[in-house]
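All residue numbers in this chain count up from 1 along the given sequence.
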Amino acid sequence: MTTIAEPRSYQVITYGCQMNVHDSERIAGLLEAAGYVRAPEGVQADVVVFNTCAVRENADNRLYGNLGHLRPVKLAHPGLQIAVGGCMAQKDKDIVLARAPWVDVVFGTHNIGSLPVLLERARSLAASQIEIEEALTRFPSTLPTRREAAHAGWVSISVGCNNTCTYCIVPALRGREVDRRPGDVLAEIQLLVDEGVQEVTLLGQNVNTYGVEFGDREAFSKLLRACGRIDGLERVRFTSPHPAAFTDDVIAAMAETPNVMPSLHMPLQSGSDRVLSAMRRSYRADRFLGIIERVRAAIPDAAITTDIIVGFPGETEADFAETLRVVEASRFAAAFTFQYSIRPGTPAATMPDQVPKQVVQERYERLVDLVGEIAWAENRTFEGRTVEVLFAAGEGRKDAATNRLSGRARDNRLVHVAIPEGAERPRPGDLADVEITYAAPHHLNADAGPTNLRRTRGGDAWAAQQAAAAEPDAPRPAAVRLGLPTRT
Ligand code: SAH
Ligand code: SF4
Ligand code: F3S
């Protein structure tokens, strides 16, 4: 009598930036193509993959804490395999195995495609496997993918970064910038749209240098305009642009392409010219403010967000005051604020005048207060206004309890929309207009519910995905795709 083995289940735990979120979709796609199934919520998976981040020290600590928790689980669950990939794996190489020898596979940021083979090899040889390549040999878009959302998709336009910001570990882990050809990017977007995707986010560490590799300085603005010509593509976003390389053709393309959303995430890092220079960020505060002024002139309703580092080595109170001044002047809709974290191997790690922890903490709190105050004041200007919301799946856990659904306005503001008793429920991917009744610092509420609800192809794609998940024998939903033909 033969028995059919149950397929092995997997879980992917992701830390870090959108690149990692997107890489995790590829990890999931690869595992599904190799016959693994996603572990249901609350059930111990047979394979646990950590896709790690190394941008700040607390990311390191979190990984080793989690690996420690899994050790007894592994003893109790024979056959459990643990894989560690992403930026920490790339950075720590064999240290991961030295600190956590119960890990089965360590794979680098350029080795995602090898994961299924490495897992298999670790099982048959009963020995940990490690594969870390220094450079990218194949663009990851050639790999299968399992998208998290039916109506939205990430699209990498480049990987790696040629900048040398003195605090940053990313270039050492992701390598030099590799640009994907525009034809390949557009082909992938078209494919996504054909599958029901309405919103894409173009990803790169530095999107405005897109094209350096193939010699077209205006490649990014041309790409935005080309996105504008794709029928059915409702919303286009991108992250992140670098202020030094931000040219006016990008502002014009944003303003003149209706499906490019009025939102811009542009990292400031510091408002002090002295600190920017020590960070080797080659723009100055005036240039940053100039870009914001031109963006606002061309796109008056643009919401601008940023990243700021507090306590870079040598930062004085006067330098910090400059950061506060630029924050005041920029009127950010939101800012991600970080305490400077030493990354061994980066130039800033050995700079003199590291700022004491309590000084950093105190400045950090003042910055967070100011950022929150401005974000709240900006949000309050929306009370009474009507905005278009694209509904998302599961943003905000309180929504279920309060009978609200969440979505994003065109400018990317988070909106919680009350759904009146008996009213038609929007699906993730559907669009509606809502009147803002209340503004909080980090979200908006629309308590009167949606009007002008548009059931979209994105919503249909979501419904199809749900149906497929409930019926295991149904054809594979479009969100699971087995690779794309593209050049490296
Ligand atoms: N490529 C992106 C940023 C990637 S890292 C860009 O340049 O826009 C995301 C953010 O982490 C950075 O913008 C920076 O604010 C923060 N960051 C990077 N290294 C850091 C460090 N050593 N300490 C604290 N924050 C850091
Ligand atoms: Fe890091 Fe600077 Fe490159 Fe961003 S631009 S990834 S901060 S080196
Ligand atoms: Fe972290 Fe790597 Fe992204 S270090 S922020 S996951 S590129």
| request: Would you confirm whether T52, through its side chain, and G85, through its main-chain N or O, come within 3.5 Å as a donor-acceptor pair? | output: yes
| field | Smallest separation among heavy atoms of N51 and S24, with atom names | value | ND2-OG, 3.0 Å
| query | What do the steps show when you test S263 against D411 for side-chain hydrogen bond (donor to acceptor under 3.5 Å, both in side chains), and what is the final call? | reply | CA-CA 5 Å; S263 77; D411 66 4; over 6 Å; no
| field | Minimum heavy-atom distance M261-E234, with the two atoms named | value | CE-O, 3.7 Å
| request: Verify, without hydrogens or angle tests, whether D23 (side chain) and N20 (backbone) share a donor-acceptor contact under 3.5 angstrom. | output: no
| With a 3.5 Å cut-off and no angle check, do the side chains of N162 and E177 form a donor-acceptor pair? | no
| query | Between S128 and V103, what is the shortest heavy-atom contact and its length? | reply | OG-O, 2.8 Å
| query | Are D319 and S270 side-chain neighbours, meaning at least one heavy-atom pair lies under 4.5 Å? | reply | no
| task | Hey, could you give me the CG/CZ distance between D273 and R281, rounded to the nearest 0.5 Å? | result | 13.0 Å
| task | Taking the side chain as every heavy atom from C-beta outward, state whether I251 and F246 have any pair of such atoms under 4.5 Å apart. | result | yes
| Taking every non-hydrogen atom, the tightest pair across A285 and L276 | N-CD1, 3.9 Å
| What is the minimum heavy-atom distance between A348 and Q354, and which atoms define it? | O-NE2, 2.9 Å
| task | Spell out, as yes or no, whether a donor-acceptor pair under 3.5 Å connects the side chain of N259 to the backbone of C227. | result | yes
| request: Considering non-hydrogen atoms only, spot the tightest contact between A89 and F107 and give its length. | output: CB-O, 3.4 Å
| query | Could you state the interatomic distance from CD1 (I299) to CZ (R294), rounded to the nearest 0.5 Å? | reply | 12.0 Å
| How far does OG1 of T14 sit from CD1 of I27, to the nearest 0.5 angstrom? | 7.0 Å
| query | Under 3.5 Å, side chain of E383 to main-chain N/O of A439, donor-acceptor pair present? | reply | yes
| query | Could you walk me through whether V185 and Y210 pass the side chain to side chain contact (heavy atoms under 4.5 Å, CB included) check? | reply | CA-CA 12 Å; V185 173; Y210 176 66; 4.0 Å; yes
| field | Any donor-acceptor N or O pair under 3.5 Å, side chains Y15, N66 | value | yes
| said: Counting neighbours of CZ on R325 that are heavy atoms of other residues, nucleotides or ligands and sit closer than 6.0 Å, is the number greater than 12? | reply: yes
| Are side-chain N/O atoms of N445 and T437 paired as donor and acceptor at under 3.5 Å? | no
| request: Starting at CG of L63, measure out to CZ of R99 and round the result to the nearest 0.5 Å. | output: 8.5 Å
| said: Using modelled atom types and a 3.5 Å cut-off, is there a donor and acceptor pairing between side-chain atoms of R180 and backbone atoms of S156? | reply: yes
| H265 and F238 aromatic centres sub-6.0 Å | no
| request: Without swapping roles, check the side chain of T306 against the backbone of L268 for a donor-acceptor pair under 3.5 Å. | output: yes
| message | Quick check against the 3.5 Å criterion: does T337 have a side-chain atom that pairs as donor or acceptor with the backbone of I308? | response | no
| query | What do the steps show when you test L224 against V250 for side chain to side chain contact (heavy atoms under 4.5 Å, CB included), and what is the final call? | reply | CA-CA 8 Å; L224 289 180; V250 172; 4.3 Å; yes
| message | If you take the centroid of each ring, where Trp contributes its six-membered ring, are F391 and H151 closer together than 6.0 Å? | response | no
| task | Decide yes or no for C161 and R174: does some side-chain heavy atom of the first lie under 4.5 Å from some side-chain heavy atom of the second? | result | no
| note | The reported gap from CD in E213 to CG in D179 (rounded to nearest 0.5 angstrom) is 5.0 Å
| task | Starting from the C-alpha separation in whole Å, work towards a yes-or-no answer on salt bridge (Lys or Arg N to Asp or Glu O under 4.0 Å) for E315 and R274. | result | CA-CA 9 Å; E315 183 190 77; R274 221 179 53 79; over 6 Å; no
| Looking at side-chain heavy atoms only, is the closest gap between P450 and I419 below 4.5 Å? | yes
| field | Close side-chain approach of D433 to V387, heavy-atom, < 4.5 Å | value | no
| query | Just checking, is any N or O donor in the side chain of D92 or Y64 under 3.5 Å from an acceptor N or O on the other one? | reply | yes
| Between S341 and E57, do the side chains contain an N or O donor and an N or O acceptor separated by less than 3.5 Å? | no
| query | Taking the six-membered ring for Trp, are F332 and F336 ring centroids under 6.0 Å apart? | reply | no
| query | Under 3.5 Å, is there a donor-acceptor pair between the side chain of S272 and the main chain of V275? | reply | yes
| Donor-acceptor contact below 3.5 Å, side chain T209 vs main chain V212 | no
| request: Decide whether Y364 and R366 meet the rule of one side-chain donor and one side-chain acceptor closer than 3.5 Å. | output: no
| Donor-acceptor contact below 3.5 Å, side chain D104 vs main chain I82 | yes
| Going by distance alone, is a donor N or O of one side chain under 3.5 Å from an acceptor N or O of the other, for S221 and D249? | yes
| Polar side chain donor-acceptor pair, Q358 to E362, under 3.5 angstrom | no
| request: For the residue pair I157 and L223, establish whether any side-chain heavy-atom pair is separated by less than 4.5 Å. | output: yes
| request: Apply the test side chain to side chain contact (heavy atoms under 4.5 Å, CB included) to residues L367 and V327: give CA-CA distance (whole Å), side-chain angles for both, the deciding distance (0.1 Å), then the verdict. | output: CA-CA 9 Å; L367 177 64; V327 167; 4.0 Å; yes
| task | Taking the side chain as every heavy atom from C-beta outward, state whether I374 and E378 have any pair of such atoms under 4.5 Å apart. | result | yes
| said: For F338, does the six-membered ring have the charged nitrogen or CZ of R56 within the cation-pi criterion, i.e. under 6.0 angstrom from the centroid and within 45° of the normal? | reply: yes
| task | Could you walk me through whether E256 and R225 pass salt bridge (Lys or Arg N to Asp or Glu O under 4.0 Å), step by step? | result | CA-CA 8 Å; E256 291 162 20; R225 288 185 192 274; 3.0 Å; yes
| Does the pair R296 and R331 meet the rule for a side chain to side chain contact (heavy atoms under 4.5 Å, CB included), with working shown? | CA-CA 11 Å; R296 291 229 156 96; R331 308 297 301 168; 4.2 Å; yes
| task | In sequence, state the C-alpha distance, the side-chain angles, and the governing distance for R410 and E388, and then conclude on salt bridge (Lys or Arg N to Asp or Glu O under 4.0 Å). | result | CA-CA 6 Å; R410 292 171 62 81; E388 179 198 78; 3.7 Å; yes
| said: Would you compute the distance between atom CG of N206 and atom NE2 of H242 and round it to the nearest 0.5 angstrom? | reply: 5.5 Å
| request: Check the pair R385, E435 against salt bridge (Lys or Arg N to Asp or Glu O under 4.0 Å), reporting the backbone distance first and the verdict last. | output: CA-CA 6 Å; R385 280 166 63 181; E435 189 193 323; over 6 Å; no
| query | Do H22 and L203 come within less than 4.5 Å of each other through their side chains, counting heavy atoms only? | reply | yes
